[in-house]
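Contents: one structure, followed by commentary.
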Amino acid sequence: MTTAQTAQTAPQPSMRLRELVFGAACAAALRAAARLGVADALENAPTAVEDLAAAVKTEPRTLRRLLRALSCHGIFAEQPDGTFTHTDMSRLLREDDPNSLRAIALWCTEPWTWAAWPLLDEAVRTGHNVVEDLYGKEFFQYLNEDAPESADVFNRAMTTSSVQSARDVAQFLDLSGCGSVADIGGGQGHVVASLLEKYPTLHGTLLDLPRVVENVDPRLRPGGALADRARLVPGDCRVAVPVRADVYVIKNILEWDDDSTSRTLRNVIEAGGPGARVVVIENLVDDSPSMRFSTAMDLLLLLNVGGAKHTTESLTGRLTGAGLVIDDVRPVNPYLHAFDCTVPA
């Protein structure tokens, strides 16, 4: 029986629990495969481990052990002759796959995560993040000052996520009649770029940290196809939002601690003024097709920033508590919901 067949056999509860407590092994194996570039080296044809090992510069015997462990989870597949082939999941670890999750796999297994997860009981007990105690500074400050490589992985992961959802957001949002849009904390600006492509007369602004804005989508850079209608503003939305626009998009950033969320919303409201439209787009843990993933990310947010993925009720409370009027709530796609709000007079 191959490991791919074994993956289809439902284990008894005692064995399933044993598998779960070894979950770190699966995460570490995914990280190792992503860092080694195994998925990129494996083409469409069944490939011998020896050839793969030569391509990624590893020992064949230990690479076989890694691939066998991943095949048990449906990531790569071992054939009866001992060769390995791709699966739908392993292809997502390829750098060139249009739906690649390689950056996400690396981000969720960065070195700081291995130090933080064992302290989850402390975070649950206190309700506070543990990263600040571990490293002596706030999470994003730690990333940018002490772990620039991890910060780069974070930015790539957020870019991947943004690219994959930007088209859905642009298709969803009706900005007919609007003159300007601002994406607050919008990463490399893929949502803004998609909206500017959809609406030829629209002007857009991207606000994010200086390190992020430096790596903005080429379409928005000087000389880019959309540069004449794009403005790039380096800054921290938790400190100030020096941007005036008809519509503000806030996507997947209101998951920090309550204070950061409150400051961001207050700054957007002050910048927009009465009548401004504010569209908040988030994953929801009470309305998701993938509760295992969303609840895991919810716990990771608790560890690193003391934040949380929102329920419909919690996000509604944050928005109305900040003074916004919620006009509509609708799904953008199976994973994201949009809360369409207005700053009241």
Flag, side chain of Tyr248 to backbone of Ile184, donor-acceptor distance under 3.5 Å: no
ILVMFWY network linking Leu52 to Met89, side-chain heavy atoms under 4.5 angstrom: yes
Steps toward side-chain contact (heavy atoms from CB on, under 4.5 Å) verdict (Leu206, Val233): CA-CA 6 Å; Leu206 171 69; Val233 178; over 6 Å; no
pair Thr87-Arg91: side-chain heavy atoms closer than 4.5 Å: no
Side-chain touch Leu202/Val181, heavy atoms, less than 4.5 angstrom: yes
Residue pair Val305 / Val131, side-chain heavy-atom distance below 4.5 Å: no
Closest contact, heavy atoms only, Leu70 versus Ala33: CD1-CB, 3.8 Å
Parallel, tilted or perpendicular: rings of Tyr135 and Tyr142 (30°, 60°): parallel
Within 6.0 Å of CD in Glu19, more than 12 heavy atoms from elsewhere: yes
Smallest separation among heavy atoms of Leu207 and Cys237, with atom names: CD2-CB, 4.0 Å
Trp112/Trp107 aromatic ring centres below 6.0 Å: yes
Trace of the salt bridge (Lys or Arg N to Asp or Glu O under 4.0 Å) decision for Glu78 with Arg64: CA-CA 9 Å; Glu78 185 178 5; Arg64 181 182 294 278; 3.7 Å; yes
Step-by-step side-chain contact (heavy atoms from CB on, under 4.5 Å) determination, Leu299 to Leu120: CA-CA 8 Å; Leu299 294 178; Leu120 181 59; 4.1 Å; yes
Check against salt bridge (Lys or Arg N to Asp or Glu O under 4.0 Å), Asp152 and Arg156: CA-CA 6 Å; Asp152 288 339; Arg156 290 200 303 273; 5.4 Å; no
Asn252 and Asn283: side chain donor to acceptor below 3.5 Å: yes
Ile250-Val343 co-clustered via ILVMFWY side chain contacts under 4.5 Å: yes
Salt bridge (Lys or Arg N to Asp or Glu O under 4.0 Å) partners for Glu145, two or more places apart: Lys137
4.5 Å side-chain heavy-atom contact, Pro13 and Arg18: no
Side-chain touch Leu319/Leu315, heavy atoms, less than 4.5 angstrom: yes
Salt bridge (Lys or Arg N to Asp or Glu O under 4.0 Å) between Arg211 and Glu214, intermediate numbers included: CA-CA 5 Å; Arg211 183 186 181 89; Glu214 287 174 2; over 6 Å; no
Check: Leu30 and Leu93 side chains under 4.5 Å, non-hydrogen atoms: yes
Heavy-atom side-chain contact between Asn267 and Glu270 under 4.5 Å: yes
Residue pair Leu336, Asn333: steps toward the side-chain contact (heavy atoms from CB on, under 4.5 Å) verdict: CA-CA 5 Å; Leu336 293 170; Asn333 59 28; 3.6 Å; yes
His86 side chain to Ala39 backbone, donor-acceptor under 3.5 Å: yes
Within residues 221-235 or reaching into it, pairs that qualify as side-chain hydrogen bond (donor to acceptor under 3.5 Å, both in side chains) - sequence neighbours excluded: none
Donor-acceptor contact below 3.5 Å, side chain His310 vs main chain Val285: no
Atom pair CD1/CG of Ile75 and Leu67 - distance to nearest 0.5 Å: 11.0 Å
Donor-acceptor under 3.5 Å (Asp340 side chain, Val279 main chain): no
Gap separating the NE2 atom of His337 from the CZ atom of Phe339, nearest 0.5 angstrom: 7.5 Å
Point-to-point distance, once rounded to the nearest 0.5 Å, from CZ of Arg68 to CZ of Phe76: 14.5 Å
Short side-chain donor-acceptor distance under 3.5 Å, Ser165 and Lys251: yes
Taking every non-hydrogen atom, the tightest pair across Ala193 and Asp217: CB-OD2, 4.3 Å
Distance, nearest 0.5 Å, that separates CZ of Phe140 from CG of Asp236: 9.5 Å
Interatomic spacing from CG in Leu195 to OH in Tyr199 - rounded to 0.5 Å: 7.5 Å
Over 12 foreign heavy atoms within 6.0 Å of CZ, Arg125: yes
Sidechain-backbone polar pair: Lys198 side chain, Leu173 backbone, donor-acceptor under 3.5 Å: yes
Modelled atom types, side-chain donor and acceptor of Asp327 and Thr342, under 3.5 Å: yes
Spacing of Leu119 atom CG and Leu302 atom CG [to the nearest 0.5 Å]: 11.0 Å
Atom of Ala151, atom of Leu143 and distance for their closest heavy-atom approach: CB-O, 3.7 Å
Same cluster (ILVMFWY, side-chain, under 4.5 Å), Phe293 and Val332: no
Linked, directly or transitively: Val241 and Val280 (ILVMFWY side chains, under 4.5 Å): yes
Audit row: Leu209, Val212, side-chain contact (heavy atoms from CB on, under 4.5 Å) steps and yes/no: CA-CA 5 Å; Leu209 298 173; Val212 179; 4.2 Å; yes
Short side-chain to backbone donor-acceptor contact, Asp246 and Cys178, under 3.5 Å: no
For Ala345 against Pro274, the heavy-atom pair lying closest together: CA-CB, 3.8 Å
Any donor-acceptor N/O pair, Glu138 side chain to Gln141 backbone, under 3.5 Å: yes
Glu132 backbone acceptor or donor facing Asn129 side chain under 3.5 Å: yes
Within-4.5 Å side-chain heavy-atom neighbours: Trp117 and Leu303: yes
Donor-acceptor under 3.5 Å (Glu282 side chain, Leu254 main chain): yes
Asp81: side-chain hydrogen bond (donor to acceptor under 3.5 Å, both in side chains) partners, not counting sequence neighbours: Thr83
same_hphob_cluster(Leu134, Leu301) at 4.5 Å side-chain heavy-atom cutoff: yes
Distance-only polar pair, side chains of Ser314 and Thr311, donor-acceptor under 3.5 Å: yes
Closest approach of Ala338 to Ile281 (non-hydrogen atoms, all atoms of both residues): CB-CG1, 4.0 Å
Any donor-acceptor N/O pair, Arg219 side chain to Leu226 backbone, under 3.5 Å: no
Any side-chain donor near an acceptor of the partner, Glu95 and Ser100, under 3.5 Å: no
